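Each remark here refers to the structure printed beneath this line.
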Amino acid sequence: MSHFKSLAQKVINQTQLKQFHAHLIQNSLHHQNYWVALLIHLCTRFHAPPPYAACIFNSALQPNVFVFTNMLKFHSQRGALSDVLALFDQMQKLDVKPDAFVYPLLIKSAGKAGISFHAHLLKMGLDCDKYICNVIMDFYGKYGHIETARKLFDEIPDKSVADWNSIISGYWNWGNELEAKTLFDLMPEKNVITWTAMVTGYSKMKDLKNARMFFDEMPERSVVSWNAMISGYAQNGFTEQALSLFSEMLSAGIRPDETTWVAVISSCSSSGDPNLAGSVVNMVNAKGIRLNSFVKTALLDMYGKCGNLDMARKIFDELGVYRNLVTWNAMIAAYTRAGDLASARELFYQMPEKNIISWNSMIAGCQQNGQSAMAIELFKEMLANKGLRPDEITMVSVISACGHLGALELGNWVVEFLTENQMKLSISGYNSLIYMYSKCGSMGQAKKIFQEMGTRDVISYNALITGFAAYGNGIEAVALLSKMKQESIEPDRITYIGILTACSHSGSLEEGRKVFESTQAPDVDHYACMVDLYCRVGKLDEAKRLIDCMPMHPHAGVYGSLLNASRVHKRIDLGEFAANKLFELEPENSGNYVLLSNIYASAGRWEDVDRIRGLMKKERVKKTTGWSWVEHAGKIHRFIVGDHSHELSLEIYRVLRDIKERMRNAGYIADKSCVLRDVEEEEKEEMVGTHSEKLAVAFAILVSEPGTIIRVVKNLRVCRDCHTAFKIISELEGREILVRDNNRFHCFKDGFCSCKDHW
DNA sequence: ATAGGGTTAG
C-alpha cells in the first residue's frame with residue numbers, strides 16, 4: 001500500500017500517470033475506489049483527456065462519494081457543465097448521497113452557466129453549512145446579484161476570512177471600488193488572498209498605481225500575488241513594468257508557475273518584438289516548463305503577433321482536443337493579421353462555438369484587409385444569429401467599413417442602431433463616426449459629432465482634418481490645427497499630411513509652405529504633399545527643385561504628382577523625367593504609360609506615342625482595374641469599365657443613351673461621347689467600354705429619388721473625361737453628384753465642380 | 001472542502 005502511495009507521489013506528468021495506472025492494473029488494484037479516486041485526482045492535476053478519465057471512472061465497480069467527488073472536480077475544472085450535471089444525476093440514481101464537498105463544485109460549475117442551486121439547497125436544508133453558504137454567496141457575487149450576496153453576507157453570524165474575501169471580490173467584480181475598499185478597511189483579519197484580491201481589483205479598474213501600492217504593502221506574497229500584479233501590468237499594456245516585476249520575482253527566489261508564464265508571454269506578444277519573443281521561448285524551453293493549454297495559447301498568439309504563422313499553426317494543431325474558444329480566436333486573429341482571410345474564414349466556420357470576440361476578429365479582419373463589404377455581410381449574419389449582441393468594438397469596425405464604402409445609408413442605420421440599443425461610445429467609437437461621415441462627404445455631420453464629443457484626441461482631429469482635406473477645404477483644416485494646439489493636443493505626422501493635403505487641394509501655396517516649414521522631421525509623405533502642392537499651383541520647376549533636394553528617396557506618389565502636372569501644363573521634359581522614374585518604381589502601373597503617351601499625343605509626337613504603346617506591350621503591363629460603387633437600399637452595387645453584368649444593365653445603358661441625346665439637343669458637342677461609349681465606338685477606338693463611374697452614376701439616376709445627392713466611390717483617380725461628363729449631367733439632371741476617388745471629393749453641381757483641378 | 005492570478009477582437 002505505502003509502496004503504491006509513494007509511487008503516486010512521484011507522478012509529475014501524463015506519461016508517468018499512465019505508467020502508474022498500468023502498474024495498478026498489473027496488481028489488480030484498479031477496481032478499488034481508493035485508487036480510482038486517486039487516479040482521477042491525478043487526471044485532474046495533469047489535464048488528462050476526458051475519455052481516459054472516464055475509462056478510469058468506469059473501472060470502479062461500486063463508485064463511492066470520493067470517486068464521484070473527484071470525477072466532478074475533473075469535469076468542473078474543464079468547465080464541462082453538462083458532464084458535471086450528468087454525473088450528479090448518476091450519483092442520485094446510484095443512491096450515493098452527495099455530501100457538503102459535492103455541492104460547492106456543483107454550484108461553481110452551474111454558476112458559470114447561470115444556473116442557481118440555491119433553491120435546491122434551501123430545500124435540502126444545506127444552506128446552513130458554512131462552506132456551502134460561502135459558495136452560494138460567491139456565486140451571487142460572480143454571476144448573480146451582488147445585493148443578494150450582500151444580504152447573505154450580512155446574515156452570517158461569525159464571518160470567516162473566506163466570507164469577507166468572497167464579498168470583496170464580488171464588489172470588485174461589479175466594479176464597485178468604494179464598497180470593496182470600505183469592507184477591506186472594516187475587515188478584522190486579512191490574509192494573503194484578501195490583499196491579492198485588492199491588487200487584482202485595482203488592476204481591473206486600470207488603476208495600476210493603487211494596485212502596486214497594495215502589492216507593495218502586503219505583509220506576505222504568494223506566487224498568485226506576483227501573478228496578479230504582473231498580469232495587471234500585462235493586461236494594461238505596461239510591458240516593461242510586467243517584465244521588470246517578473247525579473248524581481250525571480251531574484252526574490254519565487255518559482256514562476258504556468259500563470260506567470262502566460263502573463264510574461266502575453267506581455268511580449270503585445271510588444272510584437274520577435275527578438276523579445278525568441279528570448280522568452282528560449283527561457284521557457286530551458287526551464288523545461290510543463291506547458292498547459294493557457295501557456296500554449298499565449299505562445300500561439302505571440303507567434304501570430306510576431307508574424308510566425310507556421311509556428312502558430314503548429315501549436316494550434318498540436319493542441320488538438322485541448323483547444324478552446326480562445327485558441328480558435330487567437331489563430332483566426334493571427335490569420336487576419338497576416339492578411340490571409342481565406343484561412344481565417346475557414347477556421348471561423350469550423351469552430352465549434354463562437355463568442356463576440358470571434359465575430360469581432362473576423363469583422364475587423366475583413367475591414368482591415370480592404371474587404372469592407374464582407375465585413376458588413378458578416379455583421380448582418382451576426383445580427384441574424386440570436387443571442388449575441390454586438391459591442392462597441394463590433395460597431396467601430398462596421399462604421400469604418402461604411403466609411404470605406406461611402407455607404408452613408410447604412411452608416412445612418414448603424415447610428416440608429418446605436419441609439420436604439422442605448423450603446424455608449426468611447427472616444428474611438430466617436431472617432432470612427434467622424435471618419436465615416438468624412439469619408440461619405442458629410443462634413444456637416446462629421447463636424448457635429450466632433451463638437452458633441454466631450455474629450456477629443458489626436459485621432460479625432462486627424463479624421464476631421466483628413467475629411468476637410470479630401471474636400472479641398474484648406475481654411476477649415478488649418479483652423480483645426482490651431483484649435484488642437486489650443487486644446488494642447490499634439491499634432492502627429494498624419495495631422496501634417498492632412499493639413500498639407502488640404503492646402504494642396506485648395507491651392508493655398510503660402511499657407512502650405514508655412515505648415516511644411518513648421519513640420520518636425522518631415523518624412524517622405526510630407527515631401528510628397530508639398531511637391532503635389534507646387535504641382536497643383538503650376539510651379540513645376542519648384543516642385544522639381546524640392547524633389548532634387550529631398551533627404552530621402554522619393555516614392556511613386558511624388559513622381560506621380562509631377563507626371564500628372566506635366567501633362568496639364570504640357571511639360572514634356574518633366575513628364576519624361578517623372579515617367580522614367582515611375583517605370584522603375586512601379587513598372588506594372590499602366591496609368592503612368594498612358595499619361596506619358598497623352599503628353600506626347602497633345603504635342604503631336606505620334607512616333608513617341610507608338611513607342612510607349614510598344615513599351616507597354618513589351619513590359620506586359622496589366623490594365624489596372626478600377627471599381628466604382630454606389631449604395632442603394634442597403635446594398636453596394638459595384639461596376640467595372642464596360643460592365644454589362646448588372647441586373648439593370650440594359651436600363652443603365654438606356655439612361656446613358658438618353659442623357660447623350662439630351663446633351664446633343666442642348667448643344668454640347670459629344671466628342672468621343674463623354675457619357676457613353678457604345679460597343680461600335682469601343683471597337684473603333686480600341687476602347688474597353690464605358691467608365692465604371694459613369695455606369696454607377698447612371699444606376700443611381702435610375703433607382704434614386706430625383707433631387708437627392710448621388711454618391712459614388714471610385715477606387716482610382718477620376719479622369720478628365722468623366723469630370724466633363726459629370727459637370728454636364730449635374731446640370732441636365734438638376735442633381736448634385738458627389739464622387740469620391742482615391743483621396744478627394746469631386747462635388748458636381750449646376751455644371752460646375754468644387755475641386756480646383758486643372759485638366 | 002469555501003475566498004486571490006491566466007490566453008483572444010479595436
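To find a chain, count down the sequence lines: A is the first, B the second, and so on, and within it residues start at 1. Because the structure is a prediction, the values reported are computed rather than measured.
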* Side chain of A:Ala330 (C-beta onward), nearest among B:dG4, B:dT2, B:dT8 -> B:dT8
* Give one of base, sugar-phosphate or nothing for A:Ser432, where a contact means two heavy atoms less than 4.0 Å apart. => nothing
* Tell whether A:Asn292 reaches the base of B:dG6 with its side chain through a donor-acceptor pair below 3.5 angstrom. => yes
* Check every strand shown and say whether A:Ser166 touches a base, only sugar-phosphate, or nothing at a heavy-atom separation below 4.0 Å. => sugar-phosphate
* Asked: So, is A:Gln235 near the phosphate of B:dT7, with a side-chain N or O under 4.0 Å from OP1 or OP2?
  -> yes
* **Non-hydrogen atoms of A:Met395 and A:Val414 that approach each other most closely** => CE-CG1, 3.4 Å
* At under 4.0 Å between heavy atoms, what does A:Ala333 touch on the DNA or RNA strands: base, sugar-phosphate, or nothing? -> sugar-phosphate
* Determine the contact category for A:Lys305: base if any of its heavy atoms lies under 4.0 Å from a base atom, sugar-phosphate if only primed atoms, P, OP1 or OP2 are that close, otherwise nothing. => sugar-phosphate
* Structure fact -> A:Ser225 has its side chain closest, among B:dA9, B:dA1, B:dG4, to B:dG4
* When all nucleic acid strands are considered with a 4.0 Å heavy-atom cut-off, which category describes A:Ser222: base, sugar-phosphate, or nothing? -> base
* For B:dG4, does OP1 or OP2 lie under 4.0 Å from any side-chain N or O of A:Lys142? -> yes
* Once you round it to whole Å, what is the distance between C1' of B:dA3 and CD1 of A:Ile167? -> 12 Å
* Taking CD from A:Gln367 and C1' from B:dA9, how many angstroms apart are they, rounded to a whole number? -> 14 Å
* Asked: Nearest-Å distance, CG (A:Asn329) to P (B:dG10)?
  -> 11 Å
* Asked: Between B:dA9 and A:Arg337, is there an OP1 or OP2 to side-chain N/O distance shorter than 4.0 Å?
  -> yes
* Structure fact -> Of the candidates B:dA3, B:dT7, B:dT8, the side chain of A:Asn355 sits closest to B:dT8
* Side-chain contact, heavy-atom cut-off 4.5 Å: A:Val224 with A:Val192? -> no
* Could you tell me whether A:Val199 contacts a base, only the sugar-phosphate backbone, or nothing, with contacts defined as non-hydrogen atoms closer than 4.0 Å? => nothing
* Rounded to the nearest angstrom, tell me the gap between atom CD1 in A:Ile356 and atom P in B:dG10. => 13 Å
* **Spacing of A:Lys130 atom NZ relative to B:dA3 atom P, expressed in whole Å** => 13 Å
* Structure fact -> Out of B:dT8, B:dG4, B:dG6, minimum distance to the side chain of A:Glu258 belongs to B:dG6
* Among the nucleotides B:dG6, B:dT2, B:dG10, which one has an atom lying closest to any side-chain atom of A:Ser231? -> B:dG6
* Shortest non-hydrogen contact from A:Ile363 to A:Ser397? -> CG2-CB, 3.8 Å
* To do: Return the value, rounded to whole Å, for the distance between atom CZ of A:Arg313 and atom P of B:dT8.
  => 19 Å
* Check every strand shown and say whether A:Asp163 touches a base, only sugar-phosphate, or nothing at a heavy-atom separation below 4.0 Å. => nothing
* Does A:Met205 offer a backbone N or O that forms a donor-acceptor pair with the side chain of A:Glu177 under 3.5 Å? -> no
* Any side-chain heavy-atom pair from A:Val281 and A:Met302 closer than 4.5 angstrom? -> yes
* Of the nucleotides B:dA3, B:dG4, B:dT7, which one has an atom closest to the side chain of A:Ala162? -> B:dA3
* Structure fact -> side chain to side chain donor-acceptor pair (under 3.5 Å) with A:Thr297: of A:Thr327, A:Asn292, A:Asn324, only one passes, and it is A:Thr327
* Less than 4.5 Å apart, any side-chain heavy atom of A:Phe294 and any of A:Thr259? -> no
* Just call it for A:Ser361: base, sugar-phosphate, or nothing, with non-hydrogen atoms closer than 4.0 Å on any strand. => sugar-phosphate
* Spacing between A:Leu300 atom CG and B:dT7 atom P, to the nearest angstrom -> 14 Å
* To do: Give one of base, sugar-phosphate or nothing for A:Val396, where a contact means two heavy atoms less than 4.0 Å apart.
  => nothing
* Asked: A:Met351 has an atom CE; how far is it from atom P of B:dA9, in whole Å?
  -> 13 Å
* Check: A:Ser266 side chain, B:dG6 base, donor-acceptor under 3.5 Å -> no
* Structure fact -> Quick note, A:Ala197 side chain, CB onward, closest among B:dG6, B:dG4, B:dT2 is B:dG4
* Structure fact -> Checking B:dA3, B:dG4, B:dA9 against the side chain of A:Asn360 (C-beta onward), the nearest is B:dA9
